[in-house]
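Worksheet: one structure, shown below.
Sequence positions, counted from 1, serve as the residue numbers for this chain. Counting starts at 1 for both ligands and their atoms, in listed order.
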Amino acid sequence: MNDLIRPKRIVLGITASIAAYKAADLASKLVKSGVDVYPVLTAEAARFVGPATFTALTGHPCPIDTFDEPFPGEIAHIWLARNCDLIAIVPASMNCIARLAHGLADDMLTATVMATAAPILLAPAMNTGMWNNPATQANLETLSKYGYQFIEPVTGMLACRTEGVGKMADVVTIEAAIQSVLRGSQPLSGKHVLITTGPTREPIDPVRYLTNRSSGKMGYALAETARRLGAAVTLISGPTALPAPIGVQTIPVETAREMMNAVQAHVQTANIIIAAAAVADYRPETISPQKIKKNGSAPTIALVENEDILAWIGKSKRPDQTLVGFAAESENLLANANKKLQGKNLDWIVANDITAAGAGFDADTNIATLISRDGAQTPLPKMSKREMAERILVAVSPIPPAL
Ligand code: CTP
């Protein structure tokens, strides 16, 4: 896989402190957010928490000794050192800080740290006296000169039942610091991606509405992928059964008009705009305030056309904004998609044949052709919507193609 877009990979080092149990919560949070976590314990830390906990949470072996070799055909500390995007040591004990400051490499964790070129983040945790000890302060200064980054400990109740500085920063703060280092090195960091998704619901009366079969899955996959690649993401979503993706600004809307208002409120800052929503083309001209009752003859519902949100963006967009539309077609796929590309002033269109097996509404997979403004066509054969999201984002953004 393109090394720039694979999930971020970190080595999570855990050293001896009572705060070691909090590293399990951190590992779980990081994994849930899509980070690939490789745990490494020190022998002393393993007296506080066991490797089985971290293996279960991360799905990876948790080596301790330098000669533990859990990756067949690889020298573990070198492989970890070369293939991670960050080493975070949580908690970092006084002893660990001293060993790193003096260049010791006598277990798996320190050997990995010594061999890496990745950024290193330490979350110290220790007794106040140990923290204030001039040896610790000198070691911290040395490490800081070497480029190590720190998440400062806070003042609070310590394991030794005294109050003072040395308590490890809370897990939420540490996770945010880790995510921020990872984002800084990500291909879409600094970019704002705006995505519309899902169906819209156009009410007829208090119980009935017009809608369509969109599940929103493609738009959610795009939002999760864009966030994983470092972008700030705004997801404007019609009603779906999907949970709001972690770390994405999700704005729920019901009608096409609500979707348009939300788009207009967020489009200015967007660098990439992707319209994956299946917006209802028409809405009832009037909404009956009361439930429409049966009275022997079928009612006639007059419809009016909804404004085309994508066409509105196409008319008002700046040249520095990239606009991507979708075309859901049941016939003349490429001709119809090209017409929408030109007619709505798009930079790219994802043409979907909704009649193909494994494509279109509610499926977990999709089949499409990506067409650029200059007419170049890239077929995207049957693949998961997540994979397709990655292919689309790589094509429409300045991410270099696979290395
Ligand atoms: N779209 C939109 N607002 C609308 C209608 C469509 O933003 N009121 C966007 C969709 O999100 C999609 C693209 O326009 O990115 C094409 O949508 P589609 O339903 O395929 O086409 P329409 O333009 O509605 O044309 P038709 O229904 O005739 O195929």
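Counting only non-hydrogen atoms, the option in Ile309, Ile274, Val350 that gets closest to atom 3 (N) of ligand 1 is Ile309.
For ligand 1, the atoms sitting less than 4.0 Å from at least one non-hydrogen atom of Val279 are 2 (C), 3 (N), 4 (C), 5 (C), 7 (O), 8 (N), numbered in the order shown with element in parentheses.
Using cut-offs of 30° and 60° on the angle between ring planes, the pair Phe150 and Tyr148 is parallel. Ring geometry for His60 against Tyr38 counts as parallel: the plane angle stays under 30°, on a 0 to 90° scale with 60° as the upper cut.
Below 3.5 Å of separation, one finds no N or O of Asn306 facing any N or O of ligand 1. The shortest N or O to N or O distance between Phe326 and ligand 1 is below 3.5 Å. Considering backbone and side-chain atoms alike, Asp281 places an N or O below 3.5 Å from some N or O of ligand 1.
At a 4.0 Å cut-off, not a single heavy atom of Ala278 sits close enough to ligand 1 to count as contact. Proximity of Ala277 to ligand 1 is established by a heavy-atom distance of less than 4.0 Å. Ligand 1 has at least one atom lying under 4.0 Å from a heavy atom of Lys344. Under the 4.0 angstrom criterion for non-hydrogen atoms, Glu307 is in contact with ligand 1.
Inspection of the Ser93 and Asn95 side chains reveals no N or O donor paired with an N or O acceptor under 3.5 Å.
In this structure, atom 1 (N) of ligand 1 has a protein heavy-atom contact shorter than 4.0 Å. For atom 19 (O) of ligand 1, the protein comes within 4.0 Å by no heavy atom at all.
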